[in-house]
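Have a look at the structure below before the remarks.
All figures in this text were calculated on a predicted structure; none of them were measured in a lab. Residue indices begin at 1 and follow the sequence shown.
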Amino acid sequence: MPYITCRRVWNKARENALTDKEVQSPLAKRPYDLRHACVSTWLNAGVPATQVAEWAGHSVDVLLRIYAKCIVGQDEAAKRRIADALRDE
């Protein structure tokens with residue numbers, strides 16, 4: 001299927017699914033944006049990078065090179081896991 005056909009269908013789907021303001025935004029501008037959002041969500045949910053890489057079809061190196069900047073707010077959770085691990089010993 002030609003790329004332009006996919007693009008037209010995608011644009012029409014965005015117009016039908018999103019508000020006018022959302023359509024004007026970069027939200028889901030391309031189908032790849034949904035993949036990016038999904039992988040970023042998995043990482044931010046604390047799924048180990050090795051598992052996310054497998055699901056996404058990346059090596060861990062490629063995954064972290066692309067998505068490391070998307071991982072936010074995990075400092076406190078990581079510190080809690082370390083403290084818990086030290087208490088259990």
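N16 CG: more than 12 foreign heavy atoms inside a 6.0 Å radius.
Cluster partners of I4: none. The rule joins Ile, Leu, Val, Met, Phe, Trp and Tyr whenever side-chain heavy atoms lie under 4.5 Å apart, and it links nothing here. Other cluster members for V72: none, since no ILVMFWY side-chain heavy atom sits under 4.5 Å from it.
Looking only at side-chain heavy atoms (C-beta outward), I66 and V39 stay at 4.5 Å or farther from each other.
Taking the six-membered ring where tryptophan is involved, the planes of W55 and W42 are perpendicular, since the angle between them exceeds 60° and thus also 30°.
Taking all atoms of both residues into account, the shortest heavy-atom contact from L64 to A49 is CD2-CB, 4.1 Å.
Residues V47 and V62 fall within the same hydrophobic cluster, defined by Ile, Leu, Val, Met, Phe, Trp and Tyr side chains chained together at heavy-atom separations under 4.5 Å.
Proximity of a side-chain donor or acceptor of Q51 to a complementary backbone N or O of P48 within less than 3.5 Å is not detected. Remark: side-chain polar atoms of S25 are paired, donor with acceptor, to backbone N or O of E22 under 3.5 angstrom.
Among the candidates K29, H36, R30, R35, the single residue satisfying the side-chain hydrogen bond (donor to acceptor under 3.5 Å, both in side chains) test with D33 is R30.
D75 contributes atom CG, which lies 10.5 Å from atom CZ of R80 (distance to the nearest 0.5 angstrom). Atom SG of C70 sits about 7.5 Å away from atom CG of N44, to the nearest 0.5 Å. In this structure, the separation between OH on Y32 and CH2 on W10 is 13.5 Å, given to the nearest 0.5 Å. Distance check, rounded to the nearest 0.5 Å: CD1 of I71 to CG of L63 gives 7.0 Å. Between atom CG of residue L18 and atom CD of residue Q24 there is a gap of 10.5 Å, rounded to the nearest 0.5 Å.
With respect to the salt-bridge test (charged N to carboxylate O, under 4.0 angstrom), the residues D61 and R65 qualify. Between D84 and R81 there is no salt bridge, since no side-chain N of the basic residue sits under 4.0 Å from a carboxylate O of the acidic one.
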